[in-house]
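In what follows, a structure is listed as structure tokens, so that the remarks can point back to it.
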Amino acid sequence: MTEDLRSAATRVAQHAYAPHSGYHVGAALRSVSGHTYVGCNVENASFSVGSCAERAAISTAVAAEGHAFRMAAIAVVALNARGEPLPVTPCGACRQALVEFGDDAEVGFNGPGGLWQTVCAGELLPYRFILPDT
Ligand code: THU
């Protein structure tokens with residue numbers, strides 16, 4: 001995981017719209033083709049309408065690269081309202097979205113103990129949903 005992805009995730013977390021949780025999340029991913037895409041969480045007064053940072057970054061990458069998009073690495077950073085780092089691990093729905101585009105992608109985040117760690121996307125979601133041939 002290159003340091004620039006972590007910095008980009010930290011920067012975009014400062015743009016998060018999170019007035020309801022106070023939990024500002026930024027994600028920065030690198031595509032296999034070498035481009036960087038970012039996303040942040042966007043909350044809503046109707047809570048279920050809100051969206052996660054990781055899937056926002058993936059949507060931007062797909063919009064730019066189309067079907068060819070594959071993910072090499074993604075950094076996820078969470079900040080409180082004072083800009084201080086908080087632990088974050090991608091939510092279940094985001095894990096399913098991550099493996100769709102890069103089973104081997106490197107995923108970096110501040111783990112439950114607050115220490116930066118990187119794992120492979122596939123490790124985050126054993127028994128992920130796979131659509132069988134019909
Ligand atoms: N959130 C993310 O953006 N990514 C995750 O993987 C976990 C949760 C956001 C959603 C919501 O705006 C806030 O964090 C609190 O759940």
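Scope of the values below: all heavy atoms of this structure, side chains included, with no hydrogens, waters or symmetry mates. Atoms within a ligand are numbered from 1 in the order they appear, just like the ligands themselves.
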Open item on the list: Protein non-hydrogen atoms only, distance under 4.0 Å: does atom 16 (O) of ligand 1 have such a neighbour?
Closed with: no
Task: Within one Ile-Leu-Val-Met-Phe-Trp-Tyr cluster: Val107 and Val12, side-chain cutoff 4.5 Å - done: no
Open item on the list: Looking at His15, I'd like to know if its NE2 atom is crowded, meaning that more than 12 non-hydrogen atoms belonging to other residues, nucleotides or ligands lie closer than 6.0 Å.
Closed with: no
Task: Atoms in ligand 1 flagged as close to Pro90, the criterion being non-hydrogen separation under 4.0 Å - done: 6 (O)
Open item on the list: Among all protein heavy atoms in this structure, tell me which lies nearest to atom 3 (O) of ligand 1, with the distance rounded to 0.1 Å.
Closed with: Ala53 N, 2.9 Å
TODO: Starting from atom 6 (O) of ligand 1, find the nearest protein heavy-atom neighbour and note its residue, name and distance.
DONE: Glu54 OE2, 2.7 Å
TODO: Determine, considering heavy atoms only, which of Cys94, Cys91, Ala18, Gly39 sits nearest to atom 7 (C) of ligand 1.
DONE: Cys91
Open item on the list: With heavy-atom distances below 4.5 Å as the criterion, would you say the side chains of Phe101 and Leu29 are in contact?
Closed with: no
Open item on the list: Ignoring hydrogens and geometry beyond distance, is a side-chain donor-acceptor pair present between Glu65 and Tyr37 at under 3.5 Å?
Closed with: yes
Task: Under 4.0 Å to a heavy atom of Glu43 - the qualifying atoms of ligand 1, by number - done: 11 (C), 12 (O), 13 (C)
Open item on the list: Using side-chain heavy atoms (C-beta onward) and a distance below 4.5 Å, is Leu86 in contact with Tyr23?
Closed with: yes
Task: Asp103 versus Cys120, closest heavy-atom pair with distance - done: O-SG, 3.2 Å
Task: Minimum-distance protein heavy atom relative to atom 8 (C) of ligand 1 - done: Cys52 SG, 4.1 Å
TODO: Answer yes or no: is there a donor N or O on one side and an acceptor on the other, between the side chain of Arg30 and the main chain of Ile74, under 3.5 Å?
DONE: no
TODO: Heavy-atom contacts with Asn41 under 4.0 Å: which atoms of ligand 1 show up? List them by number with element.
DONE: 3 (O), 9 (C), 11 (C), 12 (O), 13 (C), 14 (O)
Task: Whether Gly50 lies under 4.0 Å from ligand 1, heavy atom - done: no
Task: Numbering as shown, the atoms of ligand 1 that approach Tyr23 to under 4.0 Å (heavy-atom distance) - done: 13 (C), 14 (O), 15 (C)
